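Take a look at the structure below.
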Amino acid sequence: SVKDRQKLWQTLGTRIFDADLDILKDCLISVLSERDPKFELPKEQRFAALIYDKKLKYSNHIRKALAESLALLGCQSSTLKHCSTNKAYYTVLSAVRDIFFNDDWVLWASLNDLIPLIAEAAPDEFLNIVEQTMQKIPCPFENIYSEEGSGFGGWNYMTGILWALETLAWEEKFLVHVSNVLGELASKDPGGNWVNRPSNSLTTIFLPWHPQTIASFEKRIVAVNTIIKETPGAAWKFLLSLLPNTHQISMETRKPSYRNSIPKNWDGKISNKQY
């Protein structure tokens, strides 16, 4: 196992060449585009997928390691001193596009735990892919909502998408786009037993006394107005959730693993003027 993948990446970066990135891209597409066979089973039986021999060809360790390498390639390409200019950027872009080519709900659900890392690798491309997926008829995300289970063996396969969007929301330049996507997802959400929901992600990101973004107050106002304009159905519930009450608590959203999105001296506090 790798104790510090980021340090190893920086150490070995000068030994990676264009040909290595081509091989890596093929591996990424082959491994991460695989659909999990457990989804061939009814959701009530998926906890016993191994008994039915419904398992992925590649182990979770390999899948996560490749997803982390993709994130490092997208976030810290400057380490690759001997690769062609923009080679890393186009490798990441091409890999992410090919992974989600002809995507369906099974692919999104299969990648659930890895989606935040993929989003870190190529934020703009990931957000565009999510928006394109929402326009499909039928929408794969609606299928994912219907696959939500409760009790023993139940699972929420939207978690990875929500964590990915929460991660990108930390950066000011992505906040408006992320807010619009979360508003659209919230408008499609039929509700369920799990706390991980698009509406809750929006509330946590924008909660006035504990925002989960380093975006300026002005940028947050712009994002809120975008939600009101683009998804008025979800906006009213969202605005009500921001009102203070005596027993309100807030959870932490997922922070970036490899993107330098949060300043090291950021203490998570906001000024009294902004509040």
Side-chain angles (χ1 to χ4, degrees), residues 5-6 32 36 60 63-72 74-75 92 96 99-100 103 105-131 133-134 139-145 147-149 154-189 191-207 210-215 223 227 234 238 241 249-262 268:
R5 188 174 297 277
Q6 190 165 344
L32 299 184
D36 195 330
N60 289 329
R63 288 167 61 84
K64 184 179 179 182
L66 281 170
E68 288 180 332
S69 296
L70 178 65
L72 280 165
C75 300
V92 170
V96 172
I99 288 169
F100 288 101
D103 61 325
W105 76 265
V106 177
L107 176 66
W108 285 95
S110 300
L111 289 171
N112 188 35
D113 296 337
L114 306 179
I115 290 175
L117 291 168
I118 297 174
E120 283 192 53
D124 287 311
E125 185 64 22
F126 174 77
L127 290 170
N128 290 335
I129 289 171
V130 173
E131 284 193 318
T133 301
M134 284 193 294
C139 176
F141 298 142
E142 293 176 354
N143 289 94
I144 294 178
Y145 281 130
E147 292 295 318
E148 180 177 316
W155 200 253
N156 177 0
Y157 301 106
M158 285 295 295
T159 301
I161 300 171
L162 299 181
W163 285 354
L165 294 171
E166 290 171 2
T167 300
L168 299 184
W170 282 101
E171 295 188 50
E172 181 168 286
K173 64 180 177 180
F174 300 127
L175 183 61
V176 174
H177 200 168
V178 167
S179 302
N180 188 39
V181 171
L182 281 171
E184 290 283 353
L185 288 173
S187 66
K188 295 179 180 293
D189 184 4
N193 297 321
W194 290 78
V195 175
N196 297 93
R197 315 220 74 84
S199 57
N200 290 340
S201 293
L202 277 174
T203 300
T204 307
I205 291 168
F206 287 96
L207 202 59
H210 189 53
Q212 299 291 290
T213 177
I214 63 170
I227 296 170
F238 162 61
S241 72
I249 62 173
S250 178
M251 303 295 290
E252 299 290 326
T253 63
R254 183 187 181 277
K255 292 182 174 63
S257 298
Y258 298 110
R259 293 187 66 81
N260 297 321
S261 306
I262 305 176

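Nothing here was measured: the structure is a model prediction, and the numbers come from that model.
Taking W108 as the reference, D103 meet the side chain to side chain donor-acceptor pair (under 3.5 Å) condition, with sequence neighbours excluded. For E184, there are no salt bridge (charged side-chain N to carboxylate O under 4.0 Å, His left out) partners at least two apart in sequence or on another chain. Shown here are the salt bridge (charged side-chain N to carboxylate O under 4.0 Å, His left out) partners of D189, two or more places apart in sequence or in another chain: R197. In terms of the ring pair (Phe, Tyr, Trp, His ring centres under 6.0 Å) criterion, F126 has no residue partners (sequence neighbours excluded). Residues satisfying the side chain to side chain donor-acceptor pair (under 3.5 Å) test with E172, not counting sequence neighbours, are S216.
A distance of 9.5 Å separates NZ in K188 from CZ in F141, rounded to the nearest 0.5 Å. For the atom pair L111 CG and I99 CD1, the distance stands at 7.0 Å (nearest 0.5 Å). Remark: M134 CE to I129 CD1 distance equals 12.5 Å, nearest 0.5 Å. If you take CD1 on I144 and OG1 on T133, they are separated by 9.0 Å, rounding to the nearest 0.5 Å.
Side-chain contact check for T253 and W170: at least one donor-acceptor pair (N or O, by modelled atom type) lies under 3.5 Å. S201 and E166 share a donor-acceptor pair across their side chains, judged by distance under 3.5 Å alone.
Nearest approach of L32 to R63, heavy atoms of both residues: CD2-O, 3.8 Å. Contact detail for A234 and S187: the closest heavy-atom pair is CB-N, 4.2 Å. Nearest heavy-atom pair, S241 versus L207, reported as atom, atom and distance to 0.1 Å: O-CD1, 4.1 Å.
Inter-residue side-chain proximity for P198 and L202 is flagged as unmet; no heavy-atom pair is nearer than 4.5 Å. I227 has its side chain out of reach of N180: every pair of non-hydrogen atoms, C-beta onward, lies at least 4.5 Å apart. D36 places none of its side-chain heavy atoms less than 4.5 Å from the side chain of V106. Between H210 and E252 the shortest side-chain heavy-atom distance falls below 4.5 Å. L72 is listed as a side-chain neighbour of R5, based on a closest heavy-atom distance under 4.5 Å. You'll find the side chain of V92 stays beyond 4.5 Å of the side chain of E125, heavy atoms only. In this structure, D124 and F174 have side chains that are in contact, with non-hydrogen atoms separated by less than 4.5 Å. Contact check for I205 versus L182: side-chain heavy atoms found under the 4.5 Å cut-off.
Between the side chain of N156 and the main chain of N196, a donor-acceptor pair closer than 3.5 Å is present. Between the side chain of N112 and the backbone N or O of G160, at least one donor-acceptor pair lies under 3.5 Å.
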*asked:* Let's go through V130 and F100 carefully: what are the C-alpha distance in whole Å and the side-chain angles of both, what is the deciding distance for side chain to side chain contact (heavy atoms under 4.5 Å, CB included) to 0.1 Å, and is it a yes or a no?
replied: CA-CA 10 Å; V130 173; F100 288 101; over 6 Å; no
*CA sep, side-chain torsions, deciding dist, call: I161, L185, side chain to side chain contact (heavy atoms under 4.5 Å, CB included)*: CA-CA 10 Å; I161 300 171; L185 288 173; 4.2 Å; yes
*Before giving the answer on ring pair (Phe, Tyr, Trp, His ring centres under 6.0 Å), spell out for Y145 and Y157 the whole-Å C-alpha distance, their side-chain angles and the decisive distance to 0.1 Å.*
CA-CA 8 Å; Y145 281 130; Y157 301 106; over 10 Å; no
Sequence neighbours left out, cut at 3.5 Å: what donor-acceptor pairs do the side chains of residues 113-121 make with other protein atoms?
{"residue": "E120", "atom": "OE1", "partner": "S257", "partner atom": "N", "Å": "3.2"}
{"residue": "E120", "atom": "OE1", "partner": "Y258", "partner atom": "N", "Å": "2.8"}
{"residue": "E120", "atom": "OE1", "partner": "R259", "partner atom": "N", "Å": "3.1"}
{"residue": "E120", "atom": "OE2", "partner": "R254", "partner atom": "NH1", "Å": "3.0"}
{"residue": "E120", "atom": "OE2", "partner": "R254", "partner atom": "NH2", "Å": "3.1"}
{"residue": "E120", "atom": "OE2", "partner": "S257", "partner atom": "N", "Å": "2.8"}

